[in-house]
Student: 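What follows is a structure written as structure tokens; I'll ask about it next.
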Amino acid sequence: MTARTPSARDGGQMPRTGAGEATHQPATAASGNTVDNAAAGQIITGKARLAGVLGWPVSHSRSPVLHNYWLRRYGVDGVYVPLPVQPGAFEVAVRGLQAAGFRGANVTIPHKEAAFRLADILDDSATQAGAVNTLIFQDDGKIRGLSTDGAGFVASLQAEGHTIRPGAQVLVLGAGGAARSVAAALLGQGMGVHVSNRTAARAKELASALPGLGVVAWDEWENRLGAYSLLVNTTSLGMAGGPDPQFRPRLDCANAGLVVADIVYVPMVTPLLAEARQCGLQTVGGLGMLLHQARLGFTEWFGVEPQVDDATQAYVLASLRG
């Protein structure tokens with residue numbers, strides 16, 4: 001990983017899927033003519049488009065804040081809601097959303113692999129990641145599964161001013177759906193990637209699914225940080241309300257150029273990132289990944305291509321600080 005001058009956080013461009021069905025289709029931010037209606041009231045009629053986020057827990061999620069901000073900003077008749085679903089009830093919940101007329105949903109911990117198994121159609125990113133974070137409910141009754149986590153993570157790194165350098169070494173903590181998505185995306189960028197997980201068998205299983213992925217024992221990774229230029233926590237360790245909100249590993253063996261990233265964004269500065277800053281290391285928080293991975297799902301469900309810009313980031317940041 002090498003630093004570069006930070007660029008505008010415009011999130012790039014995506015194909016417009018279903019844009020012709022939109023209630024309101026503004027010019028995109030790339031054209032310089034986006035109308036910001038975020039301060040106006042949200043439009044919710046009997047024809048409102050419905051989507052949400054499935055997780056357990058889900059109270060920490062800022063996806064509802066983000067998507068409802070975009071809905072107001074672009075004048076779309078729709079709503080996006082949090083959907084707390086316990087493990088074991090995921091399929092029942094998804095079928096219920098389909099029956100209720102939802103257009104789809106985001107999927108977060110711990111349901112991403114269950115979503116992969118449930119989807120009728122998987123795009124290439126989901127197949128490679130072995131996990132799904134975005135469900136699209138099609139008119140024919142089939143469920144399409146996408147994985148936007150990996151691309152969203154790469155976009156967040158670039159938006160923070162870091163260059164993806166082929167051959168650079170990365171250590172990913174975790175072996176769940178997010179870990180696989182991020183690892184697959186970084187391998188696709190030509191980086192050398194290793195994974196470390198508290199349950200060794202899961203790490204080995206992930207490595208067997210992704211050619212070129214290495215494994216580091218959980219009790220050894222802190223001592224081997226000198227070999228890496230990027231450390232990524234994809235677990236829920238350090239998340240408020242998670243299994244270990246005080247997760248703060250040693251980083252004293254890291255080289256001075258290590259970039260430490262955490263996909264957790266509640267709190268904004270996790271104990272891992274606080275330790276990294278104390279050690280003088282560069283950090284990347286989880287908010288950028290949240291913003292960038294959300295764009296494709298919003299386009300699919302609501303027919304408008306949203307932009308990740310300074311106004312979007314400021315609005316979601318304010319909700320975290322509030």
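Only heavy atoms go into these numbers, but all of them, side chains included; no hydrogens, no water, no symmetry mates. Residue indices begin at 1 and follow the sequence shown. From a predicted model like this one, the values you see are computed outputs, not experimental measurements.
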Student: For the backbone of Arg165 and the side chain of Thr163, can you confirm whether one donor and one acceptor N or O come within less than 3.5 Å of each other?
Tutor: no
Student: Donor-acceptor pair, Gln169 side chain versus Gly167 backbone, under 3.5 Å?
Tutor: yes
Student: Is a side-chain N or O of Arg49 found less than 3.5 angstrom from the main chain of Gly78, in a donor-acceptor match?
Tutor: no
Student: Are the side chain of Asn106 and the backbone N or O of Asn133 linked by a donor-acceptor pair below 3.5 Å?
Tutor: yes
Student: Check this for me: does any side-chain nitrogen of one of Glu113 and Arg202 sit under 4.0 Å from a carboxylate oxygen of the other?
Tutor: yes
Student: Using a 4.5 Å cut-off on heavy atoms from C-beta on, say whether the side chain of Pro82 contacts that of Ser61.
Tutor: no
Student: Any side-chain heavy-atom pair from Val260 and Arg277 closer than 4.5 angstrom?
Tutor: no
Student: Which of these passes side-chain contact (heavy atoms from CB on, under 4.5 Å) with Arg180: Val195, Leu213, Leu210?
Tutor: Leu210
Student: Going by heavy atoms in the side chains, are Leu97 and Leu54 under 4.5 Å from each other?
Tutor: yes
Student: Please confirm whether the ring centroid of Tyr228 lies under 6.0 Å from the ring centroid of His194.
Tutor: yes
Student: Side chains of Tyr315 and Thr312, heavy atoms from C-beta outward: is any pair under 4.5 Å?
Tutor: no
Student: Do other residues, nucleotides or ligands put more than 12 heavy atoms under 6.0 Å from Asp252 CG?
Tutor: yes
Student: Are Lys112 and Asp149 ion-paired here, with the side-chain N under 4.0 Å from a carboxylate O?
Tutor: yes
Student: Should the pair Asp219-Arg198 be classified as a salt bridge under the 4.0 Å nitrogen-to-oxygen rule?
Tutor: no
Student: Are any non-hydrogen side-chain atoms of Leu135 and Val94 less than 4.5 angstrom apart?
Tutor: yes
Student: Which one of Arg144, Arg103, Gln138 satisfies the side-chain hydrogen bond (donor to acceptor under 3.5 Å, both in side chains) criterion with Glu300?
Tutor: Arg144
Student: Hey, what's the ring geometry for His67 with Phe302, parallel, tilted or perpendicular (30° and 60° as the breaks)?
Tutor: tilted
Student: Under 4.5 Å between any side-chain heavy atoms of Val316 and Tyr265, yes or no?
Tutor: no
